[in-house]
Q: 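This is the structure I have questions about; it appears just below.
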Amino acid sequence: MNKRVVSGMRPTGKLHLGHLVGALENWERLQAEFDCFYFVADWHALTSGYAATSEVVSSAIDNVADWIGAGVDPERSTLFVQSMVPEHAELYLLLQMVTPIPWLERVPTYKEQIEQLAETDLSNIGFLGYPLLQTADVVIYNAHFVPVGEDQVPHLELSREVVRRFHNFYGEVFVEPQALLTPTPRLPGLDNRKMSKSYGNTIDLSDDEEAVKKKIRSMYTDPKRVRADIPGTVEGNPVFIYHDAFNPHRDEVDDLKARYREGRVGDVEVKAKLASAVNAMLTPIRERREAALARPGDIRDLLVDGSRKARRVAQETMERVRSAVKLKY
Ligand code: TRP
């Protein structure tokens with residue numbers, strides 16, 4: 001039996017190229033080597049989005065279509081919904097008994113998010129407990145590895161500490177999960193800030209060819225190049241970061257870089273070639289995504305089936321947890 005991988009994504013809107021290179025390509029690759037469980041972290045979406053929940057389910061369906069578009073295969077991996085496996089909540093509750101509040105208060109994302117989402121009231125218990133719910137998500141499946149971005153490493157560290165403390169009280173029950181970081185280049189947004197839905201600077205996996213062309217035409221590039229004959233900077237230039245990430249024609253990219261540095265190419269050509277490369281890369285993803293979305297009932301069905309399968313594993317773990325805590329009647 002292959003070792004298990006567990007990862008989740010919050011259903012908070014459309015997925016973009018950052019999700020593709022930061023998570024989904026990785027999820028797709030890991031299927032060859034591991035028993036992968038991928039889930040919609042809908043309760044996690046509520047920890048900060050509790051006041052507006054009407055789009056959670058539609059985002060979930062749309063996101064899972066994107067997962068399938070990116071090659072995540074429901075035949076090979078278990079795809080499910082967190083809230084369809086209520087055992088996550090039971091384990092979360094028991095983990096709360098042994099988790100000191102300061103351990104949660106000092107997780108870096110906690111204060112960062114409170115500052116960043118200043119207009120949202122994040123004084124709720126659910127938001128403080130975010131990394132502990134994440135711990136339950138992972139350890140309930142005996143996951144060895146958790147593919148996540150750099151920002152999530154402190155959450156996995158908390159998970160390991162909580163598991164050790166639980167084991168000190170009740171004996172060994174869980175596998176200590178490890179973060180699985182694949183070095184993925186951070187993809188800037190179209191305006192060279194962090195790529196984020198809230199900045200409106202994303203290319204979405206659901207964008208059509210015209211939208212991609214239009215967005216790339218407006219992309220931030222070397223601001224000192226007000227004319228095509230002014231030498232430009234390639235390093236750190238988002239247009240070339242994208243070329244490196246998405247254009248498989250290395251000769252073309254090298255040629256564009258050389259001419260850019262010498263002031264012998266216009267932005268129009270550099271961007272048109274980038275748009276072609278991004279569109280070529282997205283074409284098969286779009287086709288699979290559209291085929292999946294044409295049958296939304298099938299997406300629901302596969303999530304129900306996957307959740308049933310995940311739940312059997314979670315229930316088996318919870319039997320052992322209840323025994324360990326001596327709550328067997
Ligand atoms: N916190 C993760 C994120 O923002 C989402 C998540 C929730 C998750 N539960 C998880 C990731 C369990 C990995 C494992 O990306």
Side-chain angles (χ1 to χ4, degrees), residues 3-16 18-27 30 34-50 56 59-60 63-64 66-67 70 72 77-89 91-92 95 104 107-114 116-117 120 122 126-160 162-163 174-182 184 186-187 194-198 306-307 310 313-314 317:
K3 288 194 170 167
R4 185 162 291 146
V5 153
V6 172
S7 196
M9 216 184 264
R10 282 170 299 140
T12 56
K14 289 188 164 297
L15 301 189
H16 53 63
H19 296 108
L20 182 69
V21 301
L24 292 175
E25 288 181 348
N26 208 10
W27 286 17
L30 291 167
F34 297 104
D35 179 22
C36 296
F37 278 46
Y38 298 129
F39 69 98
V40 174
D42 54 354
W43 282 335
H44 275 105
L46 300 197
T47 62
S48 52
Y50 53 83
V56 172
S59 283
N63 291 0
V64 172
D66 281 336
W67 300 0
V72 175
S77 298
T78 304
L79 309 188
F80 68 99
V81 177
Q82 185 184 39
S83 68
M84 287 195 213
V85 186
E87 285 75 12
H88 289 226
L91 180 55
Y92 174 42
L95 295 179
L104 291 168
V107 172
T109 47
Y110 179 62
K111 284 200 181 80
E112 279 164 25
Q113 291 283 91
I114 287 176
Q116 269 172 27
L117 304 176
T120 309
L122 294 178
F127 185 70
L128 178 66
Y130 184 116
L132 196 60
L133 176 57
Q134 184 166 348
T135 303
D137 296 338
V138 167
V139 302
I140 206 164
Y141 300 109
N142 313 305
H144 284 85
F145 299 112
V146 184
V148 284
E150 201 87 63
D151 60 316
Q152 297 287 307
V153 170
H155 293 183
L156 266 295
E157 272 160 16
L158 175 96
S159 297
R160 295 161 66 82
V162 168
V163 163
F174 304 115
V175 174
E176 271 185 41
Q178 276 180 47
L180 202 64
L181 288 175
T182 32
T184 40
R186 267 247 174 270
L187 207 58
K194 174 179 149 54
M195 188 182 285
S196 161
K197 181 181 57 151
S198 53
S307 300
V313 180
T317 303

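Indexing begins at 1, ligand by ligand and atom by atom, following the structure's order. Throughout, numbering of the chain's residues begins at 1 and tracks the sequence.
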Q: Give the single entry among Leu180, Thr47, Asp137 that approaches atom 9 (N) of ligand 1 most closely by any heavy atom.
A: Asp137

Q: Out of all atoms in ligand 1, which are within 4.0 Å of some heavy atom of Ala41? Include the element for each.
A: 7 (C)

Q: With heavy atoms of Val146 as the reference, note each atom of ligand 1 found under 4.0 Å away.
A: 13 (C), 14 (C)

Q: Nearest non-hydrogen contact with atom 3 (C) of ligand 1 belongs to which option: Met9, His88, Gln152?
A: Gln152

Q: Just to be sure I read this right, does ligand 1 sit under 4.0 Å from the backbone of Phe39, its side chain, both, or neither, counting only heavy atoms?
A: side chain

Q: Is ligand 1 under 4.0 Å from a heavy atom in the side chain of Val138, in the backbone, in both, or in neither?
A: side chain

Q: When the aromatic ring centroids of Phe39 and Tyr141 are compared, is their separation below 6.0 Å?
A: no

Q: To the closest 0.5 Å, what do you measure between OG1 (Thr47) and CZ (Arg10)?
A: 6.5 Å

Q: So which protein heavy atom does atom 10 (C) of ligand 1 come closest to, and at what separation?
A: Gln134 CG, 3.4 Å

Q: Side chain, backbone, both or neither: which part of Ser7 comes within less than 4.0 Å of ligand 1 when only heavy atoms are counted?
A: both

Q: Show which atoms of ligand 1 fall inside a sub-4.0 Å distance from at least one heavy-atom site of Tyr130.
A: 1 (N), 2 (C), 3 (C), 4 (O), 5 (C)

Q: Asp137 and side chain to side chain contact (heavy atoms under 4.5 Å, CB included): which single residue from Ile140, Leu133, Val139 fits?
A: Leu133

Q: Among all protein heavy atoms, pick the one closest to atom 5 (C) of ligand 1 and tell me residue, atom and distance.
A: Gly8 O, 3.5 Å

Q: Does the side chain of Val5 come within less than 4.5 Å of Pro147's, by heavy atoms?
A: yes

Q: With heavy atoms of Arg10 as the reference, note each atom of ligand 1 found under 4.0 Å away.
A: 4 (O)

Q: State the CG-NE2 distance between Asn63 and His19, to the nearest 0.5 angstrom.
A: 7.5 Å

Q: Which heavy-atom pair separates Ala143 from Val175 by the least distance, and what is that distance?
A: O-CG1, 3.6 Å

Q: Counting each atom of ligand 1 from 1 as listed, which ones have a heavy atom of His44 under 4.0 Å away?
A: 7 (C), 9 (N)

Q: For the atom pair NE2 (His44) and CD (Gln134), what is the distance rounded to the nearest 0.5 Å?
A: 5.0 Å

Q: Verify whether the ring centers belonging to Tyr130 and His155 lie closer than 6.0 Å.
A: yes

